[in-house]
Amino acid sequence: MSEMRVVGVRVELPANSPILLLRETEGDRYLPIWIGNAEATAIAIEQQGVRPARPLTHDLLKEVIAALGRELTQVRITDLQEGTYFAELVFDGGIKVSARPSDSVALALRAGVPIHAEESVLAEAGLVIPDEQEDEVEKFREFLDSVSPEDFRGAEQ
């Protein structure tokens with residue numbers, strides 16, 4: 001299992017589909033995961049350090065976990081079946097709860113816990129970006145610095 005870090009979220013054109021991009025902390029593989037608008041917003045808000053006036057769903061879940069006396073210890077991206085990623089939340093005491101990767105990552109960012117991906121998932125969907133494409137990764141990072149959570153909201157509110 002490899003530890004991953006969140007590179008960020010971007011919108012793929014022309015479909016306007018948000019993509020969560022993870023990268024191995026001790027490797028060269030990237031893992032792109034298509035996610036929903038709400039989760040993209042939740043991840044972007046947390047990465048930018050924005051504190052909404054009222055807690056969002058992932059903030060609430062973090063508080064509920066703490067109020068119940070539990071601790072999230074890690075998030076694992078466990079499987080990829082027919083284009084759908086699967087993840088689990090791992091709590092103290094070895095308790096595991098199945099979850100979508102997008103929700104899991106949004107919660108992991110808030111809780112400050114590591115994100116891991118199974119080797120089988122990385123072997124199937126991981127991408128290695130050659131050195132000549134590193135400038136594209138830098139452009140992506142610049143994009144992430146300039147994007148706001150509102151960019152992930154649909155045309156209808």
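Here the shortest heavy-atom pairing between Pro52 and Leu56 reads CG-CG, 3.9 Å. Across Arg23 and Asp28, no two heavy atoms sit closer than the pair NH2-OD1, 3.6 Å. Summarising the geometry of Thr25 relative to Met4, their closest heavy-atom pair is CG2-C, 3.9 Å, with the distance given to 0.1 Å. In terms of heavy atoms, Gln47 sits closest to Gly8 at OE1-CA, 3.4 Å. In terms of heavy-atom proximity, Val9 sits nearest to Ala40 at CG1-CB, 3.6 Å.
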When the side chains of residues 111-126 are checked against the rest of the protein, which donor-acceptor pairs come out under 3.5 Å, sequence neighbours left out?
| residue | atom | partner | partner atom | Å |
| --- | --- | --- | --- | --- |
| His116 | ND1 | Gln74 | OE1 | 2.8 |
| Glu119 | OE1 | Arg29 | NH2 | 3.0 |
| Glu119 | OE2 | Arg29 | NH1 | 2.9 |

Show me the side-chain donor-acceptor pairs of residues 66-73 shorter than 3.5 Å, one per line, residues at least two apart or across chains.
| residue | atom | partner | partner atom | Å |
| --- | --- | --- | --- | --- |
| Arg70 | NE | Asp92 | OD1 | 3.3 |
| Arg70 | NH2 | Asp92 | O | 2.9 |
| Thr73 | OG1 | Val90 | O | 3.0 |

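If you take OG on Ser102 and CG on Leu20, they are separated by 8.0 Å, rounding to the nearest 0.5 Å. To the nearest 0.5 Å, atom CD1 of residue Ile77 and atom CD1 of residue Ile33 are 4.0 Å apart. Summarising the geometry, atom CZ belonging to Arg5 is positioned 12.0 Å from atom CG belonging to Leu109; distances are rounded to the nearest 0.5 Å. To the nearest 0.5 Å, atom CD1 of residue Ile19 and atom CZ of residue Arg10 are 5.0 Å apart. Note: Leu60 CG to Ile65 CD1 = 9.5 Å, rounded to the nearest 0.5 Å. Distance check: Leu22 CG to Tyr30 OH gives 11.5 Å after rounding to the nearest 0.5 Å.
Shown here are the side chain to side chain contact (heavy atoms under 4.5 Å, CB included) partners of Glu26, two or more places apart in sequence or in another chain: there are none. Annotation: side chain to side chain contact (heavy atoms under 4.5 Å, CB included) contacts of Ser17 (sequence neighbours excluded): Glu12, Ala15, Trp34. Looking at residues two or more places apart in sequence or on another chain, you find a side chain to side chain contact (heavy atoms under 4.5 Å, CB included) between Ser104 and Val75, Ala87, Leu89, Ala99.
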- Item | Full working for side-chain contact (heavy atoms from CB on, under 4.5 Å) between Ile35 and Val105 | CA-CA 11 Å; Ile35 63 176; Val105 168; over 6 Å; no
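Residue pairs meeting the salt bridge (Lys or Arg N to Asp or Glu O under 4.0 Å) criterion with at least one partner in residues 96-110, sequence neighbours excluded, are Glu39-Arg100, Glu46-Arg110, Asp59-Arg110, Arg100-Asp103.
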